Protein chains: 2
Amino acid sequence: MTEDLKFSARGRALVGQKMFAVLEQARRIETAGEKVYHLELGNPRLAPHPAMLSRTVQALVEREVGYTQSAGHPSLRQAIADLRARTWGHTVTEANVVISPANLIISQFLDLVCDPGDRVVFFTPAFPSYWAAAIHIGLKVESVPLDLATGYDLSDDAVDRALALAPKAIIVNSANNPTGAVYDRAQLERLAVECDRRGIWLLSDETYGEISFGRPFHTLGGLELPRLVVMSSFSKLFSVPGYRIGFLIAHPKVAEKFALSVSTLISCLPIFTQLGCVAALDHLDKYTEEVRHHCTVMTDWCSEALRKSQRLAFVPPKAGFYFFLDISACGLDDLSFSSMLLERHQTAVTPGSSFSPDMTGHIRIATCGAALDVHEGVRRVVALAESL
Amino acid sequence: MTEDLKFSARGRALVGQKMFAVLEQARRIETAGEKVYHLELGNPRLAPHPAMLSRTVQALVEREVGYTQSAGHPSLRQAIADLRARTWGHTVTEANVVISPANLIISQFLDLVCDPGDRVVFFTPAFPSYWAAAIHIGLKVESVPLDLATGYDLSDDAVDRALALAPKAIIVNSANNPTGAVYDRAQLERLAVECDRRGIWLLSDETYGEISFGRPFHTLGGLELPRLVVMSSFSKLFSVPGYRIGFLIAHPKVAEKFALSVSTLISCLPIFTQLGCVAALDHLDKYTEEVRHHCTVMTDWCSEALRKSQRLAFVPPKAGFYFFLDISACGLDDLSFSSMLLERHQTAVTPGSSFSPDMTGHIRIATCGAALDVHEGVRRVVALAESL
């Protein structure tokens with residue numbers, strides 16, 4: 001009698017993250033013995049800093065395998081507070097910081113401040129987890145599209161439109177995944193200040209901020225606003241997405257709610273991975289300089305390779321390692337293009353509709369993987385585009 | 001303007017896990033330079049199996065720090081499926097298994113099958129995470145209390161009462177936290193079969209099953225029922241709560257929902273911890289034999305020590321490492337007793353009301369910690385009880 005399995009509204013509204021479904025599909029092909037070129041996930045293959053790995057190993061050897069505080073290991077919270085206090089120009093303490101997987105922070109934020117049916121605004125294209133979390137919770141998502149013509153920058157008009165929708169919450173993501181845009185400072189600050197004035201919650205996802213190379217990145221952390229939550233992650237900064245460690249900085253009353261949410265959902269995170277992150281932070285500037293250099297080189301190389309097809313329109317990223325490609329000149333929608341690319345050319349990418357339902361004329365490719373995957377994968381994207 | 005911070009209904013309904021709040025309080029005392037005896041958390045201090053740690057370290061050294069499938073690393077899902085298939089007497093495949101932190105599985109289960117306002121039944125006293133998750137989601141919790149007089153066993157009457165409440169879901173937990181009871185096989189099976197017949201979802205939390213020593217543990221895994229989810233965790237079996245790895249076994253359609261939920265909430269879990277768990281499973285029988293031996297010895301020692309006070313009523317656990325103590329003869333409620341114990345006797349325990357709001361005449365102590373904590377902590381519990 002499995003036909004009548006009835007799930008809850010939230011259970012029925014689960015969509016997950018498309019790129020993980022693509023990964024699963026790709027792994028099945030690999031299990032069958034074929035090579036797949038992975039451009040679907042932002043899964044950096046740069047070597048993590050040795051100090052990070054060795055501190056993690058040391059903690060394991062010392063059997064640091066117990067529980068720790070739900071808000072995060074005190075030494076990691078303190079290290080992050082110190083780091084931000086240095087650059088943000090105002091006091092940041094442990095009470096402002098909560099450690100949680102970055103992907104979970106997105107769900108936690110929306111769940112803490114929105115009730116089902118509430119309106120939330122994303123500037124699109126937007127990271128699939130925002131969609132997955134909002135749909136799961138039962139929110140009404142309003143898209144405010146940004147344009148290829150202006151390099152997907154946050155425009156005056158886009159800010160006005162977002163505010164005019166009077167949502168419960170807005171998520172803003174600079175440096176951006178998937179476009180690689182780094183947003184205009186004045187517009188970002190206007191958005192934050194106006195959100196506060198109107199009682200709108202704002203999540204500033206700054207995961208890729210420190211790996212901006214084409215334009216100076218501006219953090220919203222300098223503003224002390226009670227409804228502003230600033231989040232980031234160790235995944236991309238330190239090439240360790242498998243550590244599953246992110247963090248947020250917020251007003252202490254808001255941080256307290258996040259800590260209760262961590263306690264309720266996952267109890268706490270491992271000590272050994274958190275201690276590894278503490279060790280990594282000592283090397284942040286030098287390590288991210290290397291990451292930025294790597295991203296710059298890959299961006300130049302990929303831009304040149306992709307320009308070989310007139311059928312692929314894009315702006316090279318100013319941060320991170322994603323290209324959001326307009327494939328509409330190819331005459332196939334995103335799902336058809338992606339599945340043909342995977343089945344005939346063994347190359348995995350993420351369909352554009354994962355970033356906004358109307359973006360069926362796009363795909364996203366990630367250029368942070370193993371060099372072979374990136375070079376050969378990009379070549380195959382171009383080859384398919386040209387063959388259509 | 002932080003006074004008017006307005007959280008969602010779910011945000012307002014966050015209570016977290018009391019034992020993590022106690023841990024936080026204890027750590028503050030420790031930071032001030034005082035020793036605290038930890039009996040609040042089931043935080044085993046036995047050495048994990050060397051093969052588990054060394055496989056984890058090896059994976060880190062080999063830089064297995066990327067993403068993996070949301071449903072779990074294929075090798076771990078397969079190893080768990082093989083393990084269960086051997087003892088459950090029916091086919092279990094990778095498609096039945098999802099890897100997720102055990103605490104999250106509780107939230108995921110309730111969230112996947114219940115809508116706000118739905119009724120859920122717990123046999124009480126019940127693990128605080130069940131309460132935290134249900135309250136967070138907005139469920140109506142109905143307690144079916146079990147009795148000290150019958151060793152907190154699952155009785156015929158308790159099963160009838162649970163079913164008569166016609167809830168959307170029931171959570172059953174044998175071997176039990178906090179009572180250490182191992183439930184009667186016939187009642188457990190009757191509960192499961194009747195739940196299925198009536199369309200009630202059932203979560204069987206079998207986290208402590210393999211560390212039963214006072215009565216043979218019976219798993220519900222032998223029944224193939226579409227609305228039955230069987231969960232367990234590596235935390236207690238292998239003394240690695242800090243790994244944050246649990247697993248569930250369910251009908252493939254249900255497992256698929258859990259995998260989508262993992263994808264939406266946390267993307268996936270680390271590869272290196274999952275590979276450590278694969279290595280540990282080769283040693284499950286021998287390692288848990290050692291854990292059972294340790295628990296038996298500690299249970300005998302603690303029972304004898306606790307019997308020194310006439311004011312502490314309890315039944316020694318038949319599994320795991322918790323004592324649920326009736327302190328009502330002491331003339332203090334659980335919160336007063338616990339805070340006096342922490343402040344005057346530097347010993348942290350979990351108040352009984354965390355396991356059911358009406359159980360203010362109880363405390364739970366965990367005897368799996370460092371030997372010094374357990375011996376000295378238990379002595380202090382007895383000393384306080386006698387001094388009142």
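Bear in mind the structure is a predicted one, so any value in this text is a computation, not a measurement. Throughout, protein chains are lettered first and strands after them, A, B, ... in sequence-line order, and every chain is numbered starting at 1. Basis for what follows: all heavy atoms, side chains included, without hydrogens, waters or symmetry-related copies.
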A:Val65 and side chain to side chain contact (heavy atoms under 4.5 Å, CB included): which partner among B:Pro48, B:Ser235, B:Ser239? B:Pro48
Between the CG atom in A:Leu53 and the CD atom in B:Glu62, the distance rounded to the nearest 0.5 Å is 12.0 Å
Under 3.5 Å, is there a donor-acceptor pair between the side chain of A:Lys253 and the main chain of B:Leu5? no
Rounded to the nearest 0.5 Å, what separation is found between the CD atom of A:Gln108 and the CZ atom of B:Arg10? 11.0 Å
Can you name the nearest heavy-atom pair linking A:Pro270 to B:Gly242, along with the distance? CB-O, 3.0 Å
Side chains of B:Val262 and A:Phe20, heavy atoms from C-beta outward: is any pair under 4.5 Å? no
Should we say atom CZ of B:Arg63 is surrounded by more than 12 heavy atoms from elsewhere, each under 6.0 Å from it? no
Do NZ/NE/NH1/NH2 and the carboxylate oxygens of B:Asp4 and A:Arg227 come within less than 4.0 Å? yes
Highest number of heavy-atom pairs under 4.5 Å with chain A among B:Arg45, B:Arg12, B:Arg244 belongs to B:Arg244
For the residue pair A:Phe7 and B:Trp201, categorise the inter-ring angle as parallel (less than 30°), tilted (30 to 60°) or perpendicular (more than 60°). tilted
Side chain, backbone, both or neither of A:Ile266 within contact of chain B (heavy atoms, under 4.5 Å): both
Under a 4.5 Å heavy-atom cutoff, which of B:Thr68, B:Thr273, B:Ile271 has the most pairs with chain A? B:Thr68
With a 4.5 angstrom heavy-atom cut-off, is it the side chain or the backbone of B:Ala47 that approaches chain A, or both, or neither? both
In Å and rounded to the nearest 0.5 Å, what is the CG to CG distance from A:Leu265 to B:Leu265? 7.0 Å
I need the residue from B:Asp111, B:Leu269, B:Leu225 with the largest number of non-hydrogen atom pairs under 4.5 Å to chain A. B:Asp111
Considering only heavy atoms and a distance below 4.5 Å, find which of B:Thr31, B:Val61, B:Leu60, B:Val57 pairs most often with chain A. B:Leu60
Does A:Gly66 offer a backbone N or O that forms a donor-acceptor pair with the side chain of B:Asn43 under 3.5 Å? no
Might you point out which heavy atoms bring B:Asn103 and A:Ser267 nearest each other, and give the distance in Å? CG-OG, 3.3 Å
Under 4.5 Å heavy-atom distance to chain A, tell me which part of B:Lys168 shows up: side chain, backbone, both or neither. neither
One should read off an interatomic distance between B:Ser263 OG and A:Leu14 CG, to the nearest 0.5 angstrom, of 9.0 Å
Under 3.5 Å, is there a donor-acceptor pair between the side chain of A:Ser8 and the main chain of B:Leu112? yes
Tell me which of these, B:Pro50, B:Pro101, B:Ala133, B:Cys114, has more heavy-atom pairs under 4.5 Å with chain A than the rest. B:Cys114
Per-residue tally against chain B (heavy atom, under 4.5 Å) across A:Ile105, A:Leu104, A:Ile106, A:Leu110 peaks at A:Leu104
Residue, of B:Gly276, B:Ser261, B:Ala259, that accumulates the most heavy atom pairs under 4.5 Å with chain A: B:Ser261
If we define contacts as heavy-atom pairs under 4.5 Å, which of A:Gly199, A:Pro241, A:Ser107, A:Pro74 has the most with chain B? A:Pro241
Looking only at A:Pro116, A:Ala71, A:Ser70, the option with the highest number of non-hydrogen pairs under 4.5 Å against chain B is A:Ser70
Among A:Ser54, A:Ser129, A:Ser100, A:Gly11, which residue forms the greatest number of heavy-atom pairs with chain B at distances under 4.5 Å? A:Gly11
